[in-house]
Amino acid sequence: MAMIRFDNQVVLITGAGRGLGAAYAKLFAARGANVGVHDAGVDRLGHGTDPQPANEVVASIREAGGQA
């Protein structure tokens with residue numbers, strides 16, 4: 001069975017800094033999508049902001065040869 005590709009497509013993943021969101025962002029990138037990574041970086045109570053989780057996912061995608 002052929003793998004579904006997303007070449008020349010843009011995918012926006014919200015909550016992409018951790019967990020399933022990060023996994024989906026990396027999977028779409030591995031399948032050719034240009035991935036918009038968004039994560040507010042709030043804590044479990046919805047307070048604060050931290051761009052670091054999203055930045056780490058972007059770096060991981062780029063290191064693997066993808067675009068984010």
Side-chain angles (χ1 to χ4, degrees):
M1 179 185 273
M3 178 174 52
I4 297 173
R5 297 285 308 169
F6 297 93
D7 299 302
N8 302 314
Q9 300 294 313
V10 176
V11 177
L12 174 62
I13 307 291
T14 60
R18 300 178 182 96
L20 286 175
Y24 284 125
K26 293 174 185 178
L27 178 66
F28 275 109
R31 293 192 176 188
N34 296 321
V35 181
V37 175
H38 177 271
D39 194 293
V42 298
D43 64 19
R44 292 178 188 222
L45 298 176
H47 301 135
T49 59
D50 182 6
Q52 191 60 31
N55 291 339
E56 289 174 1
V57 172
V58 168
S60 175
I61 289 170
R62 290 179 177 169
E63 288 172 8
Q67 294 194 21

| field | Side chain proximity check, V11 to I13, heavy atoms < 4.5 angstrom | value | yes
| task | Heavy atoms only: give me the nearest A16-V37 pair and the separation to one decimal. | result | CB-CG1, 3.6 Å
| task | Look at atom OH of Y24 and say whether more than 12 heavy atoms of other residues, nucleotides or ligands are closer to it than 6.0 Å. | result | no
| Minimum-distance pair of heavy atoms, taken over all atoms of L12 and H38 | CD1-CB, 4.4 Å
| query | Quick one: are I61 and K26 in side-chain contact, heavy atoms under 4.5 Å? | reply | yes
| message | Ignoring hydrogens, what is the shortest heavy-atom contact between R18 and G41? Give both atom names and the distance. | response | NH1-CA, 4.2 Å
| message | For the CG atom on D7, are there more than 12 heavy atoms of other groups (residues, nucleotides or ligands in this structure) within a distance under 6.0 Å? | response | yes
| field | Shortest non-hydrogen separation from D39 to A54 and the atoms involved | value | CB-CB, 4.0 Å
| remark: Heavy-atom closest pair (A22 atom, V57 atom, distance to 0.1 Å) is CB-CG2, 3.8 Å
| remark: CG (L27) and CG (L20) are apart, to the nearest 0.5 Å, by 11.5 Å
| said: Do F28 and I4 sit in one hydrophobic cluster, given that two such residues count as connected whenever their side-chain heavy atoms are within less than 4.5 Å of each other, even indirectly? | reply: yes
